[in-house]
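Below: one structure, written as structure tokens.
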Amino acid sequence: MLDTHPMQDHDQPLQLPPQGRQTWLVTGASAGIGLAVCQILHAAGHDVTGFGRRQAQDLPAGFPDIAYHTVDLATSQGCDLLAARAPHRLDRALLNAGLGYYRPLCRETPQAISDVLAVNLLAPMMAAHGLFGALLAGQGVLGLVGSTAYRGAAGMPVYAASKAGLDGFGRSLRSEWQGRVDVRVIHPGPTATGMAMRAGLTSPLALRMMLPVDAVAAGVIAAMQGQGRLRQRISFGAILRHKITGRAA
Amino acid sequence: MRVLITGGSDGLGAAVVRHLTQAGAQVWIIDKTAPQTHQSLRFLPCDLAQPDDLAGLPARLQQAGPFDLVVMSAGINAVGPFEAMPLATIRNLHAINCAAPILLAQHLLAQDLIAAGGRLVFIASVSHFTGYPGASVYAGGKDALVAFARSLRRPFWADHRITVQVATPGPMRTAHAARHAPPGSTGRGRACPDHIARAILRSKRRAVIVPGVASQAMALFGRLFPVQATQAMRKMLYERLV
Ligand SMILES: NC(=O)c1ccc[n+]([C@@H]2O[C@H](COP(=O)([O-])OP(=O)(O)OC[C@H]3O[C@@H](n4cnc5c(N)ncnc54)[C@H](OP(=O)(O)O)[C@@H]3O)[C@@H](O)[C@H]2O)c1
């Protein structure tokens, strides 16, 4: 359930989608959902460029053999660097880096609030801006990773705000870019990555109710393929449906 | 009654201030520019785009509070195709519309500057229900405020007896709206800010205040037909901008 290396338990090799080899950009590639996405994409033969905050020497053991760049997306320099290091033509850009804390506003600090809003909301806006040309060239898909908390969550108000901002931004941008770049917002439910524990969630029941990271990563990839709606939620139901029908949420 | 309002010098904020001062409230205004009327009002100059300016506010407010009503009305807009928007504009929109009210709420709470029994009101936009192609960054920031207010509502009531609300006004006859209307727009159908201010001040309980009939109609349309509503906004605004 808590396996963070999804490739180890896939017994059959993943097949290339009918579209063939794709060029992907993934932020938050160094851990959690983003790492699992990169592992699956790399094993399927896609060309992936990953971005994460940590240095390359600190990447986990199972990190796939893909291009990796260190950027701090809480800073404007980091956002500029992302645009500069991105491929010039992209089929898929998945803006997935994010962080958050399970705590009420009275236990927040101004620095943490600014960082969560910067990484989860401002950085994806900056990245979308910087990647427009590459996505246009590839007639690509821009995926914004939100969270089911986007409708509001009493336990994590700042995180919920950042993800709602991403959802609202994506909704309007999808309309602006229609016919040029396909914009989607993907909202995973609680997932068993290190994030929840780092975020301060310790209840064993809550941790057991979490979605397995490899299934969420597969759901995210599926949500980036084919004709897609604006919003895609990744929940137990959606994962089950995907397993049965092969279609995204 | 003691009131703190951001963006009280102009537009909707100024209308709220007019109503409150007529009702005898003591009003403190946080804004970049001083209010045109009511020179007697207590005015705290502050650039909400600067986190350091923001962080300095609670100390300047210590003597004035706690406040019975806090209204986060300061906001800016910029319209145009997203990919052509200068990065500095995107940063500014994010800092003023989204980060500043969230940071200020945290500061006020940490310093006990909102009175028990008081109200904390965020001003978002009817774009929450319809989308706003041509102002995607603005739309995102406003949606963040709606979710933030929704998230705070229960814990603030349970822990502090503070009522948290968010209002989603539609187009108003303010300088802000006139600057960002598409070329050729007559301003017809825009609500009077005084009317909207009154509706917001009167609605003391609702979690989401949709003030005025025009924004109620837009919200209903957006709720029932979200895709068509965004498409209609695209026709009305975005397609006239490009
Ligand atoms: N886990 C969940 O329950 C859950 C549910 C819904 C949505 N999500 C969303 O899914 C996305 C991935 O979450 P996750 O669970 O995989 O989280 P995670 O395991 O904590 O991984 C987060 C990733 O984001 C990167 N990151 C964080 N801050 C950064 C910064 N300042 N600059 C650059 N990169 C930064 C991290 O890089 P380093 O590790 O190198 O620092 C890491 O690669 C996030 O957007 C999250 O909000 C998660």
Side-chain angles (χ1 to χ4, degrees), chain A residues 76 79-80 83 104-114 116-118 120-126 128-133 135-136 144 149-178 180-181 183 229-231, chain B residues 51 54-55 81-87 90-91 93-95 97-99 101-103 105-107 109-110 124-125 127-128 130-156 158-160 207 226-227 230-231 233-234 238 241-242:
Chain A
S76 59
C79 295
D80 295 346
L105 192 64
C106 57
R107 289 204 287 114
E108 280 294 347
T109 65
Q111 188 58 54
I113 292 175
S114 297
V116 169
L117 294 176
N120 295 5
L121 179 54
L122 180 60
M125 289 175 175
M126 296 307 222
H129 196 271
L131 298 177
F132 175 69
L135 283 164
L136 189 65
L144 307 171
Y150 81 95
R151 289 161 161 275
M156 38 191 348
V158 178
Y159 179 78
S162 71
K163 294 301 190 180
L166 201 59
D167 183 86
F169 168 69
R171 177 185 188 178
S172 292
L173 190 66
R174 179 179 173 85
S175 172
E176 287 196 28
W177 284 2
Q178 80 184 28
R180 295 184 287 165
V181 173
V183 180
R229 281 175 291 129
L230 161 66
R231 271 188 206 111
Chain B
L54 257 176
F82 170 71
E83 67 277 11
M85 200 169 267
L87 290 178
I90 298 176
R91 280 186 187 288
L93 281 165
H94 174 77
N97 290 3
C98 175
I102 293 175
L103 284 165
Q106 190 271 336
H107 285 302
L109 185 70
S125 160
S127 67
H128 174 64
T130 60
Y132 194 171
S136 294
V137 180
Y138 175 90
K142 292 300 192 185
D143 275 3
L145 289 191
V146 174
F148 186 61
R150 279 188 199 278
S151 305
L152 293 186
R153 186 163 167 92
R154 265 193 296 129
F156 265 50
D159 301 342
H160 313 283
V227 176
T230 310
Q231 196 62 23
M233 292 290 277
R234 179 187 157 96
Y238 184 70
L241 295 169
V242 287

Discussion item. Are A/Ser175 and B/Met233 packed together at the side-chain level, in the sense that at least one heavy-atom pair is separated by less than 4.5 angstrom?
Written reply: no
Point-to-point distance, once rounded to the nearest 0.5 Å, from [atom1] of [X] to [atom2] of [Y]:
X	Y	atom1	atom2	value
A/Ser76	B/Ile90	OG	CD1	12.5 Å
B/His94	A/Leu121	NE2	CG	5.5 Å
A/His129	B/Ser136	NE2	OG	11.0 Å
B/Asp159	A/Leu105	CG	CG	11.0 Å
B/Leu54	A/Ser114	CG	OG	9.0 Å

Worksheet item: What residues form a side chain to side chain donor-acceptor pair (under 3.5 Å) with B/Glu83, not counting sequence neighbours?
Response: A/Trp177, A/Arg180
Practice prompt. Give the minimum heavy-atom separation between A/Gly168 and B/Asp143, together with the two atoms involved.
Written response: CA-OD2, 3.1 Å
Worksheet item: Which of these passes side chain to side chain contact (heavy atoms under 4.5 Å, CB included) with A/Met125: B/Leu93, B/Val137, B/Leu87?
Response: B/Val137
Practice prompt. Determine whether the aromatic ring centres of A/Phe169 and B/Phe82 lie less than 6.0 Å apart.
Written response: yes
Worksheet, complete the sentence: Looking only at B/Gln106, B/Gln231, B/Lys142, most heavy-atom pairs under 4.5 Å shared with chain A are made by B/Gln106
Per-pair distances, 0.1 Å, donor-acceptor, side chain in residues 147-155 of chain B, under 3.5 Å, sequence neighbours excluded:
| from | atom 1 | to | atom 2 | distance (Å) |
| --- | --- | --- | --- | --- |
| B/Ser151 | OG | A/Ala153 | N | 2.8 |
| B/Ser151 | OG | A/Ala153 | O | 3.4 |
| B/Ser151 | OG | B/Ala147 | O | 2.7 |
| B/Arg153 | NH1 | B/Val164 | O | 2.8 |
| B/Arg153 | NH1 | B/Arg205 | O | 3.3 |
| B/Arg153 | NH2 | B/Arg205 | O | 2.7 |

Discussion item. Whether the side chain of A/Glu176 engages the backbone of B/Pro133 through a donor-acceptor N/O pair (distance < 3.5 Å, no angle test) should be reported.
Written reply: no
